[in-house]
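Okay, structure first, notes after.
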Amino acid sequence: MADTLEIRLGGAVDGRPVSLQTVDFHQLSPLVDSIAAAALIEAGVDPVFRSPQSPSRPLALALSNVTGGAGTVTANYGFAVGPVATEAVGRITAGLAGDRNARLVPRAAGRVHDGLTKAIRRGLTVQLVNGVTTPTFTAANPPPRLSVHPTRKFTTEIAVRLLRAGGKKPAARVQFLGSGHEATVHLQGVEAVRELGSHLYGDAVLTGFGEWVVDPNAFYRPTRLLSFKVSDYRLLGSARVDDVVRDLTGATGGAWDDVDPANPDEVMDVPGGRR
């Protein structure tokens, strides 16, 4: 898998054969942006809640150089968001080259197909190279529909740690308790943003309707959250050790009230204790 992507263009622009003089790379940007957006979606990189190490613009591809000959132009792009983008672009290219095992999430596959189709409608031919080489896509040879992961949508609860909250469209970035995976969830309004934002790095249980990638051999088993709209939530307070001990002793009906937990003899004499 290469860490660069070649986009090879042919065909014509406004009736003139493709060359360095006829290609305006502002015209090419919709195709590049589509592939970049698909790579971010597939890699799970959030364009709203970026980390300090992320690029200032949420693009996965950055132009490095352009070459051209008679009737062809090749634009070389490097990946700007690290190994996750490299893997995602590799799956995109492999899928376009015919690998049916190179599955993408549905929204990423849709962005790739739309970008290629719009470029071809403008008279361009397009070929991608990234470890593998795709066919040259033209009006007579359109790009294939990429293989996608099966998904399911259902209402559920998720237990998370709150990392960030905000955005023009109210949202929060969360980390799943247990797996440590991160995801962005959508909130119903600014009040939810304010409350959750005031409890960052605290834990919460979110109730909502989500779309999940599922194991094709076990459709009850979700493996990755694609989208989640929060309908309700409850914050989980931090539990101190003395609070936990108090709750546990209260649940025993007073059997531990006069017991010193540091004294093994007293612990052994508690009703039901080991002897």
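Numbering starts at 1 and runs along the sequence shown. When reading the values below, keep in mind they use all heavy atoms of this one structure, side chains included, and skip hydrogens, waters and symmetry mates. Note that the coordinates shown come from a computational prediction; the quantities given were computed from them, not determined experimentally.
- Atom CZ of Arg164 is separated from atom OG1 of Thr184 by 8.0 Å, given to the nearest 0.5 angstrom.
- Residue Thr125 holds its OG1 atom at 11.0 Å from CZ of Phe137, rounded to the nearest 0.5 Å.
- Contact between Ala94 and Ala102 at its shortest, heavy atoms only, is CB-CB, 3.9 Å.
- Annotation for Arg224: atom CZ counts as buried by contact number, over 12 foreign heavy atoms lying within 6.0 Å.
- A donor-acceptor pair shorter than 3.5 Å cannot be found between the side chains of Ser147 and Arg103.
- Interatomic distance, CD1 of Ile92 versus CG of Leu5, reported as 8.5 Å (0.5 Å rounding).
- Rounding to the nearest 0.5 Å gives a distance of 4.0 Å between CD of Glu211 and OG1 of Thr151.
- Considering only residues two or more places apart in sequence or on other chains, Asp232 meets the side-chain hydrogen bond (donor to acceptor under 3.5 Å, both in side chains) condition with none of them.
- Linking ILVMFWY side-chain heavy atoms closer than 4.5 Å, directly or via other members, places Phe228 and Val193 in a single hydrophobic cluster.
- Residues Ala139 and Ile120 share a closest heavy-atom pair of N-CG2, 3.4 Å.
- Just one of Asn130, Val129, Thr133 meets the side-chain contact (heavy atoms from CB on, under 4.5 Å) condition when paired with Glu6; it is Val129.
- By the criterion of side-chain heavy atoms lying less than 4.5 angstrom apart, applied directly or through intervening Ile, Leu, Val, Met, Phe, Trp or Tyr residues, Tyr201 is grouped together with Phe176 in one hydrophobic cluster.
- Between Leu162 and Asp203, every side-chain heavy-atom pair lies at or beyond the 4.5 Å cut-off.
- The side-chain contact (heavy atoms from CB on, under 4.5 Å) test with Leu206 is passed by exactly one of Val230, Thr156, Leu187: Val230.
- What you find for Gly208 and Ser231 is that their closest heavy atoms are CA-OG, 3.8 Å.
- For the residue pair Thr207/Glu157, the side-chain donor-acceptor check at 3.5 Å is satisfied.
- In this structure, the separation between NE2 on His149 and CG on Leu104 is 6.5 Å, given to the nearest 0.5 Å.
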Inset, instruction - Would you sort out whether Leu146 and Leu96 count as a side-chain contact (heavy atoms from CB on, under 4.5 Å), showing the intermediate values? - result: CA-CA 7 Å; Leu146 295 168; Leu96 290 171; 3.7 Å; yes

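- Pro143 places a side-chain heavy atom less than 4.5 Å from the side chain of His113.
- Classified by interplanar angle (parallel below 30°, tilted 30° to 60°, perpendicular above 60°), the ring pair Phe154/Trp212 is parallel.
- Among all heavy-atom pairs drawn from Val18 and Ala12, the shortest one is CG2-N, 4.0 Å.
- Thr93 has its side chain within reach of Thr134: a pair of non-hydrogen atoms, C-beta onward, lies under 4.5 Å apart.
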Side-chain atoms of residues 61-85: list all donor-acceptor pairs with protein atoms under 3.5 Å, sequence neighbours left out, distances to 0.1 Å.
unit_1: Ser64; atom_1: OG; unit_2: Asn76; atom_2: O; d: 2.9
unit_1: Asn65; atom_1: OD1; unit_2: Asn76; atom_2: ND2; d: 3.2

Legend entry - Derivation and outcome, side-chain contact (heavy atoms from CB on, under 4.5 Å), residues Tyr233 and Val205: CA-CA 6 Å; Tyr233 59 87; Val205 174; over 6 Å; no

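- For Ala97 against Pro135, the heavy-atom pair with the smallest separation is CA-CD, 4.1 Å.
- Judged by distance alone, the side chains of Arg111 and Ser34 never bring a donor and an acceptor atom under 3.5 Å apart.
- Taking 4.5 Å as the limit, some side-chain heavy atom of Arg161 sits within range of a side-chain heavy atom of Leu177.
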Legend entry - Working for side-chain contact (heavy atoms from CB on, under 4.5 Å), residues Lys169 and His186: CA-CA 8 Å; Lys169 295 182 179 180; His186 301 284; 5.6 Å; no

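- Between the Thr136 side chain and the Gln127 main chain, no donor and acceptor come within less than 3.5 Å of each other.
- Follow the hydrophobic side-chain contacts under 4.5 Å out from Val185 and you reach Leu235 in the same cluster.
- Asp3 and Thr86 get closest at one heavy-atom pair: CA-CG2, 4.2 Å.
- Other residues sharing a hydrophobic cluster with Ile41 under the 4.5 Å side-chain heavy-atom criterion for ILVMFWY residues are Val105, Val213, Leu226.
- Taking CG from Leu163 and CG from Leu200, the interatomic distance works out to 8.0 Å, rounded to the nearest 0.5 Å.
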Legend entry - Check against salt bridge (charged side-chain N to carboxylate O under 4.0 Å, His left out), Glu42 and Arg91: CA-CA 9 Å; Glu42 176 62 25; Arg91 285 193 291 274; 3.1 Å; yes

